[in-house]
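Computed from heavy atoms alone, side chains included, the values below leave out hydrogens, waters and symmetry copies.
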Amino acid sequence: MRKVLLTALFIAMCTMAMAKKNLRDKIDFTQKYFDITWAFPEDFKAEEWYRGEEIYSTMVPSKGGSGAGNVYWMGAMSADRNCRLLYQSTMILASTMAPEKNTVFSTFVEHELYCAVNGRDTQGHNKAKMKPEWNKYLTIMSGEEARTAHNADSVYVVDFPNVSERFATGYNHCIGFYMVKADHLPIILMCLLNDAGYQQKDKYIQAVRQAVRFGDRKSVYNKKASKAFNKIQSKDRKWMYSE
């Protein structure tokens with residue numbers, strides 16, 4: 001029995017070490033190829049992920065559908081557990097959007113906000129156009145404010161209505177950060193809050209400033225980046241599904 005317990009403990013320790021190494025690989029990958037620095041804010045720690053990536057949708061599916069969302073492959077949890085941060089899998093964006101054509105507003109913000117307001121996927125974001133009455137959910141940071149906060153040209157902050165807990169049990173509030181900078185891929189970061197966290201949302205919005213920042217180099221989207229991304233994904237699958 002003791003031998004079985006020691007073996008199980010050894011496997012668990014190896015799994016934790018591999019997970020920590022892969023997290024570091026993701027942070028280094030994003031810095032090297034996309035000039036984006038990820039960090040954990042003060043009083044946050046890396047979240048334990050139960051699969052290599054997570055799909056999060058801000059919408060409330062009207063008929064139990066899967067909805068429209070994005071892929072995140074790294075998370076952070078506040079010490080009080082009132083806030084979760086989801087970090088976008090940048091390479092997913094790279095496969096659909098060239099760095100010189102930042103259409104993050106029309107592609108992601110309009111679509112996800114439309115879905116949250118209407119409670120359904122539009123089956124294509126061409127139909128998801130902003131309406132004047134939705135401005136109450138949207139704050140746009142630009143100029144010196146955006147540069148100071150994230151070294152960005154513009155940051156769209158969306159306080160989503162009607163957030164479904166289906167994709168993040170216990171966190172029924174979501175504030176999305178959509179950041180753009182010339183010659184870089186956009187950044188998407190989701191700040192999920194429970195009711196207690198939402199009462200202190202300004203505190204967590206400030207924490208996001210410590211979580212992600214653009215550098216001053218150009219993004220490098222090439223075959224080498226694609227191979228490096230695939231290598232990380234294969235590691236995810238090995239240790240996440242080794243049981």
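- Note on residues 151-164: pairs passing salt bridge (charged side-chain N to carboxylate O under 4.0 Å, His left out), not counting sequence neighbours, are D159-K201.
- Here the CE atom belonging to M179 is positioned 13.0 Å from the NE2 atom belonging to H184, to the nearest 0.5 angstrom.
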Intermediate values then yes/no, salt bridge (charged side-chain N to carboxylate O under 4.0 Å, His left out), D216 and K181: CA-CA 9 Å; D216 291 313; K181 182 176 181 176; 2.9 Å; yes
Side chain to side chain contact (heavy atoms under 4.5 Å, CB included), that's the test. Do F177 and V212 meet it? Break it down for me. CA-CA 10 Å; F177 293 80; V212 64; over 6 Å; no
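- F108 CZ to Q88 CD: the interatomic distance, rounded to the nearest 0.5 Å, is 6.5 Å.
- Taking CG from L192 and CG from L86, the interatomic distance works out to 4.5 Å, rounded to the nearest 0.5 Å.
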Give the intermediate values and the outcome of side chain to side chain contact (heavy atoms under 4.5 Å, CB included) for residues Y137 and L113. CA-CA 9 Å; Y137 305 119; L113 187 49; 4.0 Å; yes
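- Neither side chain, N172 nor N194, offers a donor N or O lying under 3.5 Å from an acceptor on the other.
- Between F229 and W73, the ring planes lie tilted relative to each other; the angle falls in the 30° to 60° range.
- Rounding to the nearest 0.5 angstrom, the gap separating the CG atom in D80 from the CD atom in Q200 is 6.5 Å.
- Shown are Y156, Y114, F160; of these, the ring pair (Phe, Tyr, Trp, His ring centres under 6.0 Å) with W134 is made only by Y114.
- Within 6.0 Å of CZ on R81 lie no more than 12 heavy atoms contributed by other residues, nucleotides or ligands.
- Taking the side chain as every heavy atom from C-beta outward, V155 and I140 never approach each other to under 4.5 Å.
- When every heavy atom of W38 is checked against every heavy atom of I27, the shortest pair comes out as O-CG2, 3.9 Å.
- By the 4.5 Å heavy-atom criterion applied to side chains, H173 and Q199 are not counted as neighbours.
- Two residues are said to be in side-chain contact when any heavy atoms from C-beta on lie closer than 4.5 Å; T30 and Y87 fail this criterion.
- Two residues are said to be in side-chain contact when any heavy atoms from C-beta on lie closer than 4.5 Å; Y204 and N82 meet this criterion.
- Annotation: side chain of V158 is not in contact with side chain of E112 (no heavy-atom distance under 4.5 Å).
- Taking CD of E145 as the reference point, atom NE2 of H150 lies at 9.0 Å (rounded to 0.5 Å).
- Of the possible donor and acceptor atoms, one in the side chain of S78 sits under 3.5 Å from a partner among the backbone N and O of C83.
- Distance check, rounded to the nearest 0.5 Å: CD of Q233 to CG of N230 gives 6.0 Å.
- Qualifying side-chain contact (heavy atoms from CB on, under 4.5 Å) partners for A228, counting only residues two or more places apart in sequence or in other chains: F29, Y33.
- Between the side chain of S154 and the backbone N or O of S142, no donor-acceptor pair lies under 3.5 Å.
- The side-chain contact (heavy atoms from CB on, under 4.5 Å) check on E42 picks up Q210, with sequence neighbours excluded.
- Using a 4.5 Å heavy-atom cutoff, the side chains of I188 and Y72 are in contact.
- A salt bridge does not link D35 to R213: none of the charged side-chain nitrogens sits closer than 4.0 Å to a carboxylate oxygen.
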For R24 and N22, what are the C-alpha separation, side-chain angles and deciding distance, and is it a side chain to side chain contact (heavy atoms under 4.5 Å, CB included)? CA-CA 5 Å; R24 185 70 253 170; N22 215 38; over 6 Å; no
With side chain to side chain contact (heavy atoms under 4.5 Å, CB included) as the test, would you mind laying out the steps for M74 and F40 before giving the verdict? CA-CA 11 Å; M74 176 174 135; F40 298 133; 3.5 Å; yes
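- The shortest distance between side-chain heavy atoms of L23 and D25 does not fall below 4.5 Å.
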